[in-house]
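So the structure is just underneath, and the comments pick up after that.
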Protein chains: 2
Amino acid sequence: MNYSRQREIILETLTNNAVHPTAEELYSLLEKEYGTASLATLYRNLNLLAANGIIKKIDGLEQSSHYDHNIDEHYHFMCNKCKKVYDVSAAVAPGLIEQAEKELGADIESCDIIFHGTCKDCK
Amino acid sequence: MNYSRQREIILETLTNNAVHPTAEELYSLLEKEYGTASLATLYRNLNLLAANGIIKKIDGLEQSSHYDHNIDEHYHFMCNKCKKVYDVSAAVAPGLIEQAEKELGADIESCDIIFHGTCKDCK
DNA sequence: CTCAGAATTGATAACAATTATCATTTTATA
DNA sequence: TATAAAATGATAATTGTTATCAATTCTGAG
């Protein structure tokens, strides 16, 4: 992976100016901030960054993927009303992977949890 | 929801002849078994059945949704090698929803867990 | 039973999200 | 600084799913 200015901008924007954005949301931000942006380049770099473990792709929230600069083990909650996405700490499910490995006899590499419901502000 | 023969066939096939299929997989099965099938009708009925809590749509496994006739609380594991989908019992994460509710101050209605790794047979 | 209105269907167009293509430009390095 | 690999931008293509709409099928009241 060579250096690239676009990738730097994308990562920086994801890290500092967006929380769990979709590619489209990030694209709008980039356009507004830097004028220059190609959707193809954005997708390519998001995939590259995710493949290299620098960011995390969050699937299962909506039909479009969201992206997270926080790669520490944690989970997500989406409010059915306001559609906001909240982080949930890994502490809510201690020993989860070990339990599942024992049950399946499998090697588990990752585990994603998506909660749905009504958030504190909306209820 | 009126009675419909197509819906009956779809539900029966999902229940008895397919495990966690995608819409496409189910479509092939239906075509083979009954000759008659419309992709639109299939999607419509899968959505209807899921909206009525009769089946469950599983998102986050692949870009296409999978469907499950088993609506008891349980989770899923997908093998990175063979792509097979396994059930994981709810017992691997006792008190998960309560923990997350406490942390967020939210009302949680549902919770989906997707594990990825290498299954017993592939490792 | 039968008729009207609601629900369902099938065929296909449309749509949204994402990826592929490819000629041009940028980056790293010998 | 020349060269090869990597990255880019514009856009076409692909995939999965939903919308449209005329025709068919259900259902319940009369």
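As the structure is a computational prediction, the values presented were derived from the model and not from experiment. Proteins get letters first, then strands, A, B, ... in listed order; numbering begins at 1 in each.
Comparing dT8(D), dT17(D), dT19(C) by their closest approach to the side chain of Y43(B) singles out dT17(D). Set against dA7(D), dT9(C), dA17(C), the side chain of S64(A) has dA17(C) as its closest nucleotide. Checking dT18(D), dT9(C), dT8(D) against the side-chain heavy atoms of R7(B) singles out dT9(C) as nearest. Picking from dA19(D), dA6(D), dT8(C) the nucleotide with the shortest atom distance to the side chain of A40(B) gives dA19(D). Among the nucleotides dT9(C), dT21(C), dT17(D), the one closest to the side chain of R44(A) is dT21(C).
A donor-acceptor contact shorter than 3.5 Å links the side chain of R7(B) to the backbone of N2(B). Not one N or O on the side chain of E103(B) forms a donor-acceptor pair closer than 3.5 Å with the backbone of V88(A). At distances below 3.5 Å, not a single donor-acceptor pair connects side-chain atoms of E33(B) with backbone N or O atoms of L30(B).
Protein atom CG of L49(A) is 10 Å distant from nucleotide atom P of dA7(D), rounded to whole Å. Atoms CD (E8(B)) and C1' (dT9(C)) sit 16 Å apart, rounded to a whole Å. Between the P atom of dT15(D) and the CG atom of D59(B) lies a distance of 20 Å, rounded to the nearest Å. Between the CD1 atom of I10(A) and the C1' atom of dT8(D) there is a distance of 10 Å, rounded to whole Å. Between E25(A) atom CD and dA16(C) atom C1' there is a gap of 14 Å when expressed in whole angstrom units. Atom P of nucleotide dA16(C) and atom CG of L61(A) are separated by 20 Å, given to the nearest angstrom. For L46(B) and dT9(C), the CG to P distance is 11 Å, given to the nearest whole Å. Distance CG (L42(B)) to P (dA11(C)): 14 Å, rounded to an integer number of Å.
Between N2(B) and dG28(D) there is no side-chain N or O to OP1 or OP2 distance below 4.0 Å. Listed pair T41(B) / dG10(C) meets the phosphate criterion, a side-chain N or O lying under 4.0 Å from OP1 or OP2. Distances shorter than 4.0 Å separate some side-chain N or O of N47(A) from OP1 or OP2 on dT19(C). The phosphate of dG9(D) (OP1 or OP2) has a side-chain N or O of Q6(A) nearer than 4.0 angstrom.
The residue from H66(B), H76(B), H69(B) that alone fulfils the ring-ring contact (aromatic ring centres under 6.0 Å, His included) condition with H20(B) is H76(B).
Checking L39(A) against Y3(A), the closest nucleotide of DNA chain C that is more toward the 5' end is the one next to L39(A). Looking at which nucleotide of DNA chain C each of S65(A) and S4(A) is closest to, the 5′-most match is held by S65(A). Between E24(B) and R5(B), the residue anchored nearer the 5' end of DNA chain D, judged by the nucleotide with its closest heavy atom, is E24(B).
At the heavy-atom level, T22(A) lies nowhere under 4.0 Å from the strands shown.
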For D107(B) and K120(A): C-alpha separation, side-chain torsions, deciding distance, then whether salt bridge (Lys or Arg N to Asp or Glu O under 4.0 Å) applies. CA-CA 8 Å; D107(B) 285 343; K120(A) 196 199 263 191; over 6 Å; no
